[in-house]
Amino acid sequence: MRYHFITPTSLHNCRTAAGDKDRKTAKPYRDNMAEDAILAFLQKNDEISDSGKFADEHGFAHDEIVNVIRSLNGFRLVDAQDIRRERWVLTEEGKTYAAVGSPEFQLFSAVPPKGIAREELQKKLDPAVFKIGCQQAIKNKWVEMAKTHVSRKVQHADDKVKDLLLRIQNGEAVNQEDIDALKRRKLITQQVWKGHSVRKGPNYAPKRKRAATDLTRENLQRGDWKELEFKEYNFSAKGQPVEGGYLHPLLKVRRQIQMVFLNMGFEEMPTNNYVESSFWNFDALFQPQQHPARDSHDTFFLKVPSTTKMLPEDYVERVKQVHESGGYQSRGYGCDWKREEANKNLLRTHTTAVSSRMLCALAQKPFSPKKYYSIDRVFRNEAVDKTHLAEFHQIEGLICDRGLTLGDLIGVLHDFFSRLGMSKLRFKPAYNPYTEPSMEIFSYHEGLQKWIEVGNSGMFRPEMLLPMGLPEDVRVIAWGLSLERPTMILYGYDNIRDLFGPKVDLAELKKNPICRLGLQ
């Protein structure tokens, strides 16, 4: 035999569940009663002039009647007109004064005909009543307040404030000057009452016929489907929101920029290796081994594997020579070049490391002009703040051809950035170890009403290109910018951590708009 024990908690839960069920069934029942009462009244009368009075006379809450009227009006069984009434009601402070008298009258009543010590009067009254009463009684010239003594100036006073509050409480008319005075003292507040007047509508019937929403098997079996009225389809109604994948703003902007490069005839470089050797990341770019960027404070070096063993030895030797003693009309850096520094593995600090590999591979074949681009992640050992991250995305483009000049670079930059919607450009001379000449790129931002830096550019140095084996008349023009900067401007982010990283609001990804670069 199995026994079931009922605890006080389980009994309470049973009662609560039963109560909830009763309330759920009671509400539709009350609504039906209210609906029947309205339709029955209109069958014998032309109009319900006031929904508030109707609710009181028939024993319903006004909110119940209003909800039913709105439903009937929606189906045009009735025509409802709005009624709006404004009236003044007492605040809690006003109700207190209506019951016990205004502070000034309480203070006046507490002062005997011969007067009273101020300190003694203060003990007889509530502090708030004493403070307000003093101000108003002096204003009314009822009392005289000396430093230590309070005396009456009149022997009789009427509590006009209390009388006015009682009249308002009873619904009597009060002139506007008195209303303004009570309102300034915050003793009354305006209350707006909203209701309806109701007449028969074009679809009026003494009993509402509920429209069926579905044709069921039972309807077909009974044959009552012939008499059913079906609810019309609402083809404008929105369906359930589609749950699926959503593109991050960075991916949207990345795709748009990728299409710009492809439309300009560029081909993408393979950027799938985040780990590079110091040789391809720095040395092949003619960046000296003493450069501050190669310090551990600026670069993430790997512990395992800490070094690489796969470098083209003949090319390494030419790079070493141009660093130590120069060549190709350059004096070099005149310092010892260490192979162990070049062998160190690191997380690439820029995608230009990939560019150096691609140009070196291009030099091993009969020369043909090329246009390359890449958009991928790079890593810097930087302090994280609202504009900097330890990892971000770099956009890079380069063109390799014979006889290119700085004018060609400026022309290509105007073409590229105009496709991104940036038609006003300025250029400022700059320094990069592997480009000469070098330029910072500025664009005028119409929204911010100022010039902002959007990228960096330059022509690769001969000390970088010629050791690779490229012909002497070949020039390479290149430029780069971050992906995060234009995305922040386009989508209105002021903190890069809201765009990329663990603080990204996933709900925002569902709502951000489509990226439209270059369209005003």
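Quantities reported herein were computed from a predicted structural model and do not represent experimental measurements.
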Between Asn219 and Thr216, is there a donor-acceptor pair closer than 3.5 Å when you use the side chain of the first and the backbone of the second? yes
Taking Thr351's backbone N and O only, do any of them form a donor-acceptor pair with Asp376's side chain (distance below 3.5 Å, no angle check)? no
Any donor-acceptor N/O pair, Thr308 side chain to Asn345 backbone, under 3.5 Å: no
Ignoring hydrogens and geometry, is there a side-chain-to-backbone donor-acceptor pair from Glu276 to Leu346 under 3.5 Å? no
Check the side chains of Ser71 and Arg208 for a donor-acceptor pair under 3.5 angstrom, ignoring hydrogens and angles. yes
With ring centroids as reference points, do Phe286 and Tyr333 lie under 6.0 angstrom apart? yes
Given side chains that start at C-beta, do those of Arg185 and Ile132 come closer than 4.5 Å, heavy atoms only? yes
Closest non-hydrogen atom pair between Thr349 and Arg380, with its separation: O-NE, 2.6 Å
Distance check, rounded to the nearest 0.5 Å: Glu324 atom CD versus Gln289 atom CD? 8.5 Å
So, does Asn263 use its side chain to make a donor-acceptor pair with the main chain of Val260 at under 3.5 Å? no
With sequence neighbours left out, the residues meeting side chain to side chain contact (heavy atoms under 4.5 Å, CB included) with Arg217 are Gln221
Spell out, as yes or no, whether a donor-acceptor pair under 3.5 Å connects the side chain of Thr91 to the backbone of Leu187. yes
Result of checking Phe427, Phe442, Tyr444 against Trp451 for ring-ring contact (aromatic ring centres under 6.0 Å, His included): Tyr444
Would you call the rings of Phe261 and Trp479 parallel, tilted or perpendicular if under 30° counts as parallel and over 60° as perpendicular? parallel
Do you know which two heavy atoms are closest between Leu285 and Tyr434, and how far apart they sit? O-CB, 2.7 Å
Do the side chain of Asn495 and the main chain of Arg497 share a donor and acceptor less than 3.5 angstrom apart? yes
Measuring from atom CG of Leu250 to atom CZ of Phe392, what distance do you get when rounded to the nearest 0.5 angstrom? 12.5 Å
Indicate yes or no for a side-chain donor-acceptor contact from Thr435 to the backbone of Ser438 under 3.5 Å, with no hydrogens or angles considered. no
Heavy-atom nearest pair, Ala284 first then Met468, reads O-CE, 4.5 Å
Taking all non-hydrogen atoms of both residues, which atom of Pro471 and which atom of Leu466 are closest, and how far apart? O-CD2, 4.1 Å
Kindly check if the number of other-residue, nucleotide or ligand heavy atoms within 6.0 Å of CD (Gln329) is above 12? no
So side-chain hydrogen bond (donor to acceptor under 3.5 Å, both in side chains) across residues 311-323, not counting sequence neighbours, yields Glu313-Arg339
How long is the gap from CZ on Arg377 to CZ on Arg348, to the nearest 0.5 Å? 9.5 Å
Going through the distances and angles, do Glu463 and Arg461 end up as a salt bridge (charged side-chain N to carboxylate O under 4.0 Å, His left out)? CA-CA 5 Å; Glu463 296 97 324; Arg461 296 173 66 111; 3.0 Å; yes
Report the residue from Arg254, Arg255, Gln256 that forms a side-chain hydrogen bond (donor to acceptor under 3.5 Å, both in side chains) with Gln258. Arg255
Looking only at heavy atoms, what is the nearest atom pair of Ile399 and Val412, with distance? CD1-CG2, 3.8 Å
Any side-chain to backbone donor/acceptor pair from Glu396 onto Thr352? Under 3.5 Å, distance only. yes
Answer with yes or no whether the side chains of Glu267 and Tyr373 bring together a donor and an acceptor at under 3.5 Å. no
Checking Asp415 against Arg419 for the salt bridge (charged side-chain N to carboxylate O under 4.0 Å, His left out) test, could you report, in this order, the C-alpha distance in whole Å, the side-chain angles of both residues, the deciding distance, and whether it holds? CA-CA 7 Å; Asp415 185 16; Arg419 294 171 187 249; 3.0 Å; yes
Taking it one step at a time, do His196 and Asp82 satisfy side-chain hydrogen bond (donor to acceptor under 3.5 Å, both in side chains)? CA-CA 5 Å; His196 300 282; Asp82 292 337; 3.2 Å; yes
Just by modelled atom types, is the Phe75 backbone N or O under 3.5 Å from a matching donor or acceptor in the Asn203 side chain? yes
Distance check, rounded to the nearest 0.5 Å: Met358 atom CE versus Ser374 atom OG? 9.5 Å
State which residues pass side chain to side chain contact (heavy atoms under 4.5 Å, CB included) with Asp63; sequence neighbours excluded, sorted by chain then number. none
CG/Leu409 to CG/Leu404 distance, rounded to the nearest 0.5 angstrom? 9.0 Å
Hey, what do you get for CZ (Phe279) to CZ (Arg357), rounding to the nearest 0.5 Å? 9.5 Å
Tell me, with the steps shown, if Glu341 and Ser278 meet side-chain hydrogen bond (donor to acceptor under 3.5 Å, both in side chains). CA-CA 7 Å; Glu341 280 293 323; Ser278 292; 5.8 Å; no
